[in-house]
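In what follows, a single structure is set out as structure tokens and then discussed.
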Amino acid sequence: MSTREELPLETPRKVKAMPSTPGVDQWPELPYAAWKETCETLHLWTQIVGKIRLAQTPWLNHSWHVALYLTARGLTTSPIPHAGSSFQLDFDFVDHVLWVRTSDGHVRQLMLAPKPVAEFFGEVLAALAELGIEIPISTMPCEIADCIPFDRDFTHAAYDRDYANRFWRVLLSAHNVLAHFRTGFLGKVSPVHFFWGSFDMAVTRFSGKPAPEREGADLITREAYSHEVISHGWWPGNKDMEAAFYSYTTPEPAGLANVVGERKIRPAQTFYSAEMKEFFLLYDDVRQSPSPEQALMDFCQTTYETGADLAGWDRAALER
């Protein structure tokens with residue numbers, strides 16, 4: 001028997017989350033069926049903006065250079081270098097505007113409203129051209145089955161302002177907990193960032209040890225999972241599952257699929273998908289809990305500790 005198998009698993013510790021602001025609906029309802037069309041359109045819009053950042057930003061490990069970031073009003077590319085200056089694109093889900101700003105003070109804005117993806121694509125490129133910025137990007141969406149090129153997509157055209165705003169509020173509330181969870185780790189850890197390809201928000205911890213190369217994986221996937229990781233995030237759902245928080249440990253350690261019920265994984269509604277090799281906690285279970293922040297923090301902490309223990313991470317050196 002290996003040393004790892006002989007060591008008892010530690011009991012997950014309690015980490016207290018920051019409380020919500022009273023009187024603000026920070027965890028609104030977000031049933032997938034109610035905003036499916038808006039979700040699909042917004043996914044494609046964020047890909048257009050994300051691809052512009054991708055085209056201009058130097059490569060950063062694990063594709064971190066492509067991500068968008070949460071703001072107090074929406075999502076941002078952060079500053080993008082161009083021709084000796086910088087520009088930035090910001091989704092504002094409060095006033096429902098896409099802002100294009102340059103470091104020399106010029107501004108353009110596009111209203112976020114029901115319109116085809118092809119029209120949005122043309123408006124974004126036109127706004128950039130007016131500012132002297134011309135950046136060719138691939139018109140094919142990423143990580144979407146049966147996709148249509150942006151410049152020919154007149155199918156996806158929905159935009160419900162209320163649900164776009166709800167989506168952002170969920171992201172912001174989840175971001176605040178994930179950012180707090182991130183602070184307890186001394187090792188390498190990603191920012192809390194939004195990936196426009198998979199349309200989810202994530203934060204990832206690294207053990208510092210290389211992982212076995214994934215056979216048959218493409219170059220980007222191999223580089224993304226070149227080292228042992230435990231990742232946590234939020235995803236808005238699809239026709240098969242409602243919005244949910246997730247956690248996965250890669251490579252998956254032996255015994256991870258059997259820990260629900262054997263260890264104190266919290267909250268109790270957490271379940272494990274053998275097919276996806278991930279823990280899931282439905283967003284509604286978090287939203288309806290007495291303290292959504294604490295429920296999410298418990299999920300992150302207990303799934304991390306379980307994965308780290310089973311994978312033999314040096315937690316004493318990695319945590320504070």
Side-chain angles (χ1 to χ4, degrees), residues 30 32 35-55 57 59-70 74-78 89 91 93 117 137-148 150 153 156 163-164 167-168 170-172 174-175 178 182 189-206 211 214 216-227 229-250 252 273 275-283 296 299-300 303:
L30 197 68
Y32 181 74
W35 81 299
K36 174 181 180 295
E37 290 78 14
T38 293
C39 182
E40 291 173 348
T41 301
L42 196 53
H43 188 177
L44 292 161
W45 288 359
T46 61
Q47 292 213 1
I48 292 169
V49 169
K51 281 173 176 277
I52 292 168
R53 183 181 188 219
L54 169 63
T57 307
W59 179 274
L60 183 60
N61 49 230
H62 318 299
S63 297
W64 291 355
H65 63 298
V66 309
L68 303 180
Y69 302 95
L70 265 291
L75 290 165
T76 183
T77 58
S78 71
L89 294 95
F91 283 99
F93 297 123
V117 168
I137 65 170
S138 168
T139 60
M140 288 302 295
C142 301
E143 302 183 46
I144 297 176
D146 303 320
C147 57
I148 307 168
F150 300 134
D153 188 350
H156 300 95
Y163 275 98
F167 165 68
W168 159 71
V170 174
L171 283 176
L172 190 59
H175 172 277
L178 294 177
R182 181 179 185 269
V189 59
S190 77
V192 181
H193 41 200
F194 183 84
F195 285 103
W196 43 264
S198 49
F199 209 54
D200 68 329
M201 182 172 63
V203 62
T204 303
R205 294 176 169 186
F206 292 74
R214 294 191 171 196
D218 58 39
L219 178 62
I220 293 176
T221 302
R222 290 202 305 272
E223 197 278 333
Y225 295 103
S226 59
H227 289 69
V229 302
I230 298 177
S231 190
H232 293 82
W234 180 84
W235 167 72
N238 61 18
K239 63 181 179 60
D240 298 317
M241 187 167 74
E242 289 291 342
F245 294 96
Y246 62 82
S247 169
Y248 60 83
T249 301
T250 299
E252 182 187 39
S273 167
E275 178 183 0
M276 299 291 291
K277 300 184 184 301
E278 298 182 34
F279 290 104
F280 288 101
L281 176 62
L282 293 179
Y283 168 66
L296 177 53
F299 172 76
C300 292
T303 53

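From a predicted model like this one, the values you see are computed outputs, not experimental measurements.
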Under a 3.5 Å distance rule, please check whether [X] uses its side chain to pair with a backbone N or O of [Y] as donor and acceptor.
X: T41; Y: T38; value: no
X: T221; Y: A217; value: no
X: E242; Y: Y32; value: yes

Of all the heavy-atom pairs spanning [X] and [Y], show the shortest one and how long it is.
X: N61; Y: E223; answer: CA-OE2, 3.6 Å
X: Y248; Y: K277; answer: CB-O, 3.7 Å
X: P141; Y: K51; answer: CA-CE, 4.4 Å
X: W64; Y: P191; answer: CE3-CD, 4.1 Å
X: G74; Y: W168; answer: N-NE1, 3.2 Å
X: A244; Y: F280; answer: CB-CD2, 4.2 Å

Side chains of [X] and [Y]: closer than 4.5 Å at any heavy-atom pair?
X: L68; Y: T77; answer: yes
X: L281; Y: F279; answer: no
X: F167; Y: V170; answer: no
X: C147; Y: M140; answer: yes
X: W45; Y: F91; answer: yes
X: L75; Y: F93; answer: yes
X: L44; Y: D153; answer: yes
X: I137; Y: L54; answer: no

Please report the interatomic distance [atom1]([X]) to [atom2]([Y]), rounded to the nearest 0.5 Å.
X: H193; Y: S78; atom1: NE2; atom2: OG; result: 12.0 Å
X: W234; Y: F245; atom1: CH2; atom2: CZ; result: 7.5 Å
X: L70; Y: T76; atom1: CG; atom2: OG1; result: 10.5 Å
X: T303; Y: I230; atom1: OG1; atom2: CD1; result: 8.0 Å
X: M201; Y: Y69; atom1: CE; atom2: OH; result: 13.0 Å

**Message:** Going by the rule ring pair (Phe, Tyr, Trp, His ring centres under 6.0 Å), which residues pair with H232 if we only count those two or more places apart in sequence or in a different chain?
**Reply:** F181
**Message:** Could you work out, with ring pair (Phe, Tyr, Trp, His ring centres under 6.0 Å) as the rule, every residue matching W196, not counting sequence neighbours?
**Reply:** none
**Message:** Ring centres under 6.0 Å, that's the criterion: do F150 and H156 meet it?
**Reply:** no
**Item:** Mutual orientation of the aromatic rings belonging to H43 and F199 [parallel < 30°, tilted 30-60°, perpendicular > 60°]
**Value:** parallel
**Message:** Parallel, tilted or perpendicular, judged at 30° and 60°: which one describes the rings of H62 and H227?
**Reply:**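 Judged by the thresholds at 30° and 60°, the geometry between H62 and H227 is perpendicular.
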**Asked** Just wondering, are more than 12 heavy atoms of other shown residues or ligands nearer than 6.0 Å to CE in M241?
**Response**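 Counting other residues, nucleotides and ligands, CE of M241 exceeds 12 neighbours.
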**Prompt:** Do other residues, nucleotides or ligands put more than 12 heavy atoms under 6.0 Å from the CG atom of D240?
**Reply:**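 Yes, the 6.0 Å shell around CG holds more than 12 heavy atoms from other groups.
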